[in-house]
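Here the structure comes first, spelled out in structure tokens, and everything after it is commentary.
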Amino acid sequence: MYLHPEFETLTRSELEVLQTERLRATIKQCMNSPFYRKRFEESHIRPEEIKNLDDLRKIPFTTKQDLRDNYPFGLAAVPMEEVVRLHSSSGTTGTPTVILHTQRDLDEWANAVARCLYMVGLRPGDIFQNSSGYGMFTGGLGFQYGAERLGMLTVPAAAGNTKRQIKFITDFGTTALHAIPSYAGRLYEVMVEMGIDPRRDTNLHTLIIGAEPHSEEQRKRIENMLGVKAYNSFGMSEMCGPGVAFECKEQNGLHIWEDYYIVEIVDPDTLEPVPEGEVGELVLTTINREAMPLLRYRTRDLTRILPGTCPCGRHHIRLDRMKGRSDDMMILKGVNIFPIQIETILMQFAELGNNYLITLTNEEANDLMTVEVELKEFSDDYPHLQALTKEIVRQLKDEILITPIVRLVPKGTLPQQEGKAVRVKDLRKTLI
Ligand code: COA
Ligand code: AMP
Ligand code: ZN
């Protein structure tokens, strides 16, 4: 039932003892990082002052901007010769973020993912297929190493090419699949087109779904369509990737591994803790990481801690499914995108004005982004406009990793934005 009973079955007070011990070690480790040394000095905090979990609140928050400002290696807390892996966010316009790992960090990450997969009943003998993008997307290597650590035959199918993905499922007898919820819908559609009945023609019994917000209703539909149990998986690159919080078989909240993370939920405006059980921003402190520990990292994800205990016997707290974000990040096809990335590309074209609108829709279980942008001056030079559109699409795709539809429209066509521009219209519906 438990892959790591020595950690998974700790009582609340045992967890607190472990967290306190690991927090102290983490603070010590942070003093090797130029960023945290300066942070502590500027905030007049001595590392020895942080003795218990309550003391954590004396430390300022760490933000994505801190990661950007100290790009690439300013948060390294070990000599760079000990770093064996780097993951970086997409984007060339703003400064990207970088996360560093030692070999021990990678081992612990694989252990965390393996623990999650074991918790939902996967075992050696299962065949695990991963439809995440690989490379910098942490859902790729993260699940790969975790599934291998558990001892499953692991198929690194990667994103896209849905027909081939389905051929792998039928030919190799895939029993468990990791897919983002919207892509699960696409897989089903193509199975139907191919005359494949997932219940009759595949061995699939478990789906791991995550990387984007989804509802209970969506989960049920995925389960019914594919004849599987679907478990919610939450993670983020700054905390390694997948393996941060995961549903157990009860499917009632996501256990967050408190031997890896200290959890706080704060009001995103006041940054004060919210009353118990209320929704706020998730703030995480890593306590099992060497290369790049993060103290009080503002994830920008909105959620709450579920009350009560879980019948599975784990006392690690459960997070409710994510309710949204406290910033303007969008997630499309499992890719994180900030509107500023799009604006920066558009503003590099002399022919374009300042007014643009991003509309998100979904058709046939595929997210679509349409970018309408006003031309500075009237033009009926259609060959030029066509070439211009193509070039904008190319540059946007390089930046945001998905292919948008771009429409050039005459000046004055789009609604004028008053005050803080509302540049994004999210019209996506629950399709599956
Ligand atoms: N996962 C897997 N495949 C996906 C996908 C996703 N999240 N989103 C789309 N696809 C598939 C499409 O169905 C299509 O294949 P098909 O035509 O054979 O069905 C193919 O990828 C290309 O999709 P398209 O929408 O035409 O391309 P795009 O240029 O807009 O997007 C992707 C490119 C899909 C490669 C990019 O969105 C991506 O890499 N997504 C994966 C992100 C990811 O793994 N995130 C981490 C999860 S932890
Ligand atoms: P990345 O760093 O690319 O892995 O993206 C991490 C972000 O994806 C998180 O901060 C969340 O906003 C989102 N995310 C990941 N998993 C989930 C999930 N299960 N439900 C909702 N959002 C998620
Ligand atoms: Zn549980």
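Worth knowing before you read on, the calculation uses all heavy atoms, side chains too, and leaves out hydrogens, waters and symmetry mates. Counting convention: from 1, in listed order, for ligands and their atoms alike.
Geometry about the Zn ion (ligand 3) gives an angle of 110° between NE2 of His255 and SG of Cys310, rounded in steps of 10 degrees.
With a 4.0 Å heavy-atom cut-off, ligand 1 is reached by the side chain of Ala211 but not by its N, CA, C or O. In Val190, neither the side chain nor the backbone holds a heavy atom less than 4.0 Å from any atom of ligand 1. Under 4.0 Å from ligand 2, the heavy atoms of Met322 that appear belong solely to its side chain. Contacts between Ile331 and ligand 2, counted as non-hydrogen atom pairs separated by less than 4.0 Å, involve the side chain only. By the criterion of a heavy-atom distance under 4.0 Å, neither the backbone nor the side chain of Ser89 is placed next to ligand 2. Only the side chain of Asn232 comes within contact range of ligand 2, with a heavy atom under 4.0 Å; no backbone atom does.
Heavy atoms only, all atoms of each residue included: Tyr36 and Leu295 are closest at OH-N, 2.8 Å. Considering all non-hydrogen atoms of both residues, Leu346 and Leu396 come closest at CD2-CD1, 4.5 Å.
Backbone and side-chain nitrogen or oxygen atoms of Val335 are examined, and none is located within less than 3.5 angstrom of a nitrogen or oxygen of ligand 1. Residue His214 has no nitrogen or oxygen atom sitting less than 3.5 Å from a nitrogen or oxygen atom of ligand 2, judged on distance alone. When only interatomic distances are considered, the shortest N/O to N/O separation between Ser237 and ligand 2 falls below 3.5 Å. Taking any N or O of Ala211, backbone or side chain, at least one lies under 3.5 Å from an N or O belonging to ligand 2. When only interatomic distances are considered, the shortest N/O to N/O separation between Gly334 and ligand 1 falls below 3.5 Å.
Cation-pi geometry between Arg423 and Tyr356 is met: the NZ or CZ atom falls under 6.0 Å from the ring centre, inside 45° of the normal. Under a cutoff of 6.0 Å and an axis angle of 45°, Arg289 and Tyr260 do not form a cation-pi pair. Figure legend: Arg300 and Phe338 shown without cation-pi pairing, the cationic atom not lying both under 6.0 angstrom from the six-membered ring centre and within 45 degrees of its axis.
Distances below 4.0 Å separate heavy atoms of Ser132 from the following atoms of ligand 1: 44 (O), 46 (C), 47 (C), 48 (S). Using a 4.0 Å cut-off to heavy atoms of Asn366, the atoms of ligand 1 that qualify are 25 (O). Those atoms of ligand 1 that come under 4.0 Å of a heavy atom in Ser131, given as number and element, are 1 (N), 2 (C). Close approach of ligand 1 to Gly139 (heavy-atom distance below 4.0 Å) involves ligand atoms 48 (S). Of all atoms in ligand 1, numbered sequentially from 1 with element shown, those under 4.0 Å from a heavy atom of Ile180 are 7 (N). Close approach of ligand 1 to Asn161 (heavy-atom distance below 4.0 Å) involves ligand atoms 15 (O), 18 (O). Near Arg186, meaning under 4.0 Å from one of its heavy atoms, ligand 1 places the atoms 13 (O), 16 (P), 17 (O), 19 (O). Residue contact check: Arg325 has heavy atoms under 4.0 Å from atoms 10 (O), 12 (O) of ligand 2. Annotation for ligand 1: atoms under 4.0 Å from non-hydrogen atoms of Thr403 are 28 (P), 29 (O), 30 (O). For ligand 2 and Asn336, the ligand atoms under 4.0 Å from any heavy atom of the residue are 1 (P), 2 (O), 3 (O), 5 (O), 6 (C).
Note on Arg219 versus Glu216: salt bridge recorded, some NZ/NE/NH1/NH2 to OD/OE distance being below 4.0 Å. Ionic pairing of Arg314 and Glu8 is present here: one or more N-O contacts between side-chain nitrogen and carboxylate oxygen are shorter than 4.0 angstrom. Arg199 has no carboxylate O lying under 4.0 Å from a charged side-chain N of Asp197, or vice versa, which leaves the two without a salt bridge.
Close to ligand 2: Gly235, with a non-hydrogen atom less than 4.0 angstrom away. Residue Lys397 places a heavy atom under 4.0 Å from ligand 1.
Taking the six-membered ring where the residue is Trp, His101 and Trp109 present parallel rings, their angle staying beneath 30° rather than reaching 60°. Ring geometry for His255 against Trp257 counts as parallel: the plane angle stays under 30°, on a 0 to 90° scale with 60° as the upper cut.
Counting only heavy atoms of the protein, atom 24 (P) of ligand 1 lies nearest to Lys333 NZ, 3.7 Å. Scanning the protein for heavy atoms near atom 3 (N) of ligand 1, the closest one is Gly160 N, 3.0 Å.
Put simply, atom 20 (C) of ligand 1 has protein non-hydrogen atoms near it, under 4.0 Å away. In this structure, atom 40 (N) of ligand 1 has a protein heavy-atom contact shorter than 4.0 Å.
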Exercise. Are Val98 and Leu67 close enough, and set up right, to give a side chain to side chain contact (heavy atoms under 4.5 Å, CB included), and what steps lead you there?
Worked result: CA-CA 7 Å; Val98 156; Leu67 266 51; over 6 Å; no
